[in-house]
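The structure under discussion appears below in the form of structure tokens.
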Amino acid sequence: MSNTQIQNQIKHLTETLNRYAHEYYTLDAPSVPDSEYDKFYRELEQLERDFPDFRLPESPTNRVGGAILSEFASVRHAVPMLSLNNAFSPRDESGAYDHAETLAFNERVCKDLNQAQTEYTIEPKFDGLAVSLLYQNGIFIQAATRGDGTIGEDVTENIKTVRNIPLKLHGKNIPNLIEVRGEVLMLKADFAALNARQEAAGQKPFANPRNAAAGSLRQLNSRVAAERKLHFFGYGIARFDGVENPPQTHAEELLWLQELGFSLPTGNWHICANIAEVLQQYEQLAEKRPNLPYEIDGMVIKVNSLIEQEKLGFVSRAPRWAIAHKFPAEEAITIVEAIDVQV
Ligand code: NAD
């Protein structure tokens, strides 16, 4: 390819991906399956790596998420809400996985930490939407979507309708302030029931649980959100203040969240002593995936020690201590289904 052709291809991919991202994040109405978005994204990443001078400032590889809707009040995140870098494991005809990308992630982590191996936690990668929940003196006061990572939408009223989110924290170890990060989603059974109701009422069904969850959480009328059963899983703590024995590892953070009253994906998150155990868990979770009560599109691998996380730090849009180890695409949604989305 000539330089002009490369520049044109970079421009084309950037524009296409930005359009898809707008449909997905802002309108909750994707027009293509995630696998297609991921394929273009990877092609763009590769071209930008090979020809860094041609990278455009509006490239999606510089950004997190999408624009926020002006109908909601905006919330500036005290700690940015980032994305995750991805690793894929293609399978050969015999079904064996090629884990080269995840092994390369581990190698980089260990090299940067100057260690032979490190401990990880693994969790399901929930296919919902990220929210941030703020509590002061144990009382829920505000919820925000990720938005563009810096500014999100205030969805406090709708979050109050999510029954497994504590409005008052439980337990003895309650901080003066805590900002909890996690995923709002719709359980598969609740999604099926919602679509049955939609059809019975002569209304269009939702394309998938993620869309139904995003559309419900971003409803201006919180009564509608209340009718759509949403569910929350905690997966991290952005900041806290005023506790005596702060957690030292990600696993301790998760256990603290559980003590405070948040749901965890019990039985499906684990501490792994090394990358070999991580890969075993990936293959087990991939097998369990069809029978889980919620949709997942991969497994998130996080360095367990918070000190090590701090050493590894961040790149522009993602932490360097975590990766989303994606599963191969389940049968792709059809474009027609994806467009038929209601909010
Ligand atoms: P991502 O969804 O790949 O990863 C980051 C997100 O993972 C976080 O914001 C959080 O919400 C979520 N997450 C779930 N479980 C988690 C856990 N246990 N710990 C931490 N985080 C967890 O990143 P992204 O930037 O939001 O989205 C990129 C993906 O979205 C793409 O890979 C693509 O599949 C999809 N997408 C699709 C389209 C489309 O048009 N179909 C458009 C844009 C994006």
Side-chain angles (χ1 to χ4, degrees), residues 13 16-42 44-45 60-67 77 79-88 120-133 144-149 152 180-185 207-208 210-211 213-214 217 231-238 250-251 253-254 257 262-265 268-270 281 285 292 294-304 309 316-319 321-330 332-335 337-339 341:
L13 289 169
T16 308
L17 285 163
N18 281 344
R19 194 176 70 244
Y20 290 162
H22 178 72
E23 292 167 350
Y24 180 90
Y25 293 114
T26 310
L27 307 180
D28 296 324
S31 63
V32 292
D34 290 356
S35 50
E36 176 134 343
Y37 179 88
D38 291 342
K39 196 177 76 196
F40 285 174
Y41 191 95
R42 301 208 118 208
L44 179 61
E45 265 185 329
T61 61
N62 292 329
R63 306 189 328 142
V64 172
H77 297 301
V79 179
M81 291 184 79
L82 299 178
S83 183
L84 290 169
N85 287 326
N86 287 330
F88 292 83
Y120 293 100
T121 50
I122 62 94
E123 298 157 63
K125 184 170 183 298
F126 306 106
D127 202 5
L129 71 158
V131 293
S132 195
L133 310 176
T145 62
R146 189 177 71 173
D148 65 6
V180 175
R181 297 272 163 93
E183 196 91 345
V184 168
L185 49 80
N208 55 49
R210 186 204 174 272
N211 261 268
L217 190 65
H231 202 81
F232 178 82
F233 284 111
Y235 59 60
I237 299 173
H250 181 64
E253 280 190 348
L254 292 180
L257 286 180
F262 294 95
S263 302
L264 298 185
N268 294 311
W269 73 273
H270 300 280
Q281 289 294 342
L285 192 59
L292 292 176
Y294 41 83
E295 292 221 331
I296 63 174
D297 61 344
M299 184 178 92
V300 182
I301 307 168
K302 298 175 187 167
V303 167
N304 195 27
Q309 286 189 6
S316 63
R317 61 187 289 284
W321 42 262
I323 200 152
H325 192 174
K326 291 274 194 119
F327 291 136
E330 278 184 322
I333 52 167
T334 67
I335 292 178
E337 269 182 321
I339 290 172
V341 158

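Read the numbers this way: they start at 1 and go in the same order the structure lists the ligands and their atoms.
When the heavy-atom distances from atom 17 (C) of ligand 1 to Tyr25, Phe233, Tyr20, Tyr235 are ranked, the shortest goes to Tyr235. Relative to atom 15 (N) of ligand 1, the option among Tyr37, Phe126, Phe40 with the closest non-hydrogen atom is Phe126.
Within the listing of ligand 1, atoms 17 (C), 19 (N), 20 (C) sit less than 4.0 angstrom from a heavy atom of Lys302. The contact set between ligand 1 and Val32, taken as ligand atoms under 4.0 Å from a residue heavy atom, comprises 39 (C), 40 (O), 41 (N). Ligand-side atoms of ligand 1 in range of Arg317: 25 (O), range being under 4.0 angstrom from any heavy atom.
Judged by distance alone, with hydrogens and angles left aside, the side-chain atoms of Asn304 form a donor-acceptor pair with the main-chain N or O of Ala251 at under 3.5 Å. Glu295 places no side-chain N or O within donor-acceptor distance of the main-chain N or O of Asp127, the cut-off being under 3.5 Å. Looking only at distances, a side-chain donor or acceptor of His77 sits under 3.5 Å from a matching main-chain atom of Thr145.
The side-chain heavy atoms of Val303 and Tyr120, taken from C-beta on, include a pair separated by under 4.5 Å. Using a 4.5 Å heavy-atom threshold, the side chains of Asn268 and Tyr294 count as touching. When side chains are defined from C-beta on, Arg317 does not count as touching Asn62, because their heavy atoms never get closer than 4.5 Å. Looking only at side-chain heavy atoms (C-beta outward), Pro319 and Lys302 stay at 4.5 Å or farther from each other. At a threshold of 4.5 Å between non-hydrogen side-chain atoms, the residues Asn18 and Arg63 count as touching.
The shortest contact between atom 31 (C) of ligand 1 and any protein heavy atom is with Asp38 OD1, 3.1 Å. Nearest protein neighbour of atom 11 (O) of ligand 1, counting heavy atoms only, is Glu183 OE1, 2.5 Å. Scanning all protein heavy atoms for the shortest distance to atom 38 (C) of ligand 1 gives Tyr24 CD1, 3.3 Å. At the top of the distance list for atom 2 (O) of ligand 1, counting protein heavy atoms only, stands Lys125 NZ, 2.9 Å. Remark: minimum distance from atom 5 (C) of ligand 1 to any protein heavy atom is reached at Leu84 N, 3.7 Å. In terms of protein heavy-atom proximity, atom 25 (O) of ligand 1 is nearest to Ser83 OG, 2.8 Å.
For Arg146, the closest heavy-atom approach to ligand 1 falls below 4.0 Å. Look at Pro124 and you'll find a heavy atom under 4.0 Å from some atom of ligand 1. Look at Lys326 and you'll find a heavy atom under 4.0 Å from some atom of ligand 1.
In this pair, Tyr37 and Tyr20 present their aromatic rings tilted. The plane angle is within the 30 to 60° band.
At a heavy-atom cutoff of 4.0 Å, ligand 1 is contacted by no atom of Tyr41, backbone or side chain. Of the heavy atoms in Glu123, only side-chain atoms (C-beta onward) come closer than 4.0 Å to ligand 1. Contact annotation for Asp34 and ligand 1: heavy atoms of both the backbone and the side chain come within less than 4.0 Å of the ligand. Contact annotation for Ala130 and ligand 1: heavy atoms of both the backbone and the side chain come within less than 4.0 Å of the ligand. For Leu82, every heavy-atom contact with ligand 1 shorter than 4.0 Å involves the backbone, none the side chain. The backbone of Pro33, and not its side chain, has at least one atom closer than 4.0 Å to an atom of ligand 1 (non-hydrogen atoms only; backbone = N, CA, C, O).
Applying the side chain to side chain contact (heavy atoms under 4.5 Å, CB included) criterion to Ser316, with sequence neighbours excluded, gives no partner residue.
Rounding to the nearest 0.5 Å gives a distance of 11.0 Å between NE2 of His270 and OG1 of Thr121. The structure places CZ of Arg210 at 6.5 Å from CG of Asp28, a figure rounded to the nearest 0.5 Å.
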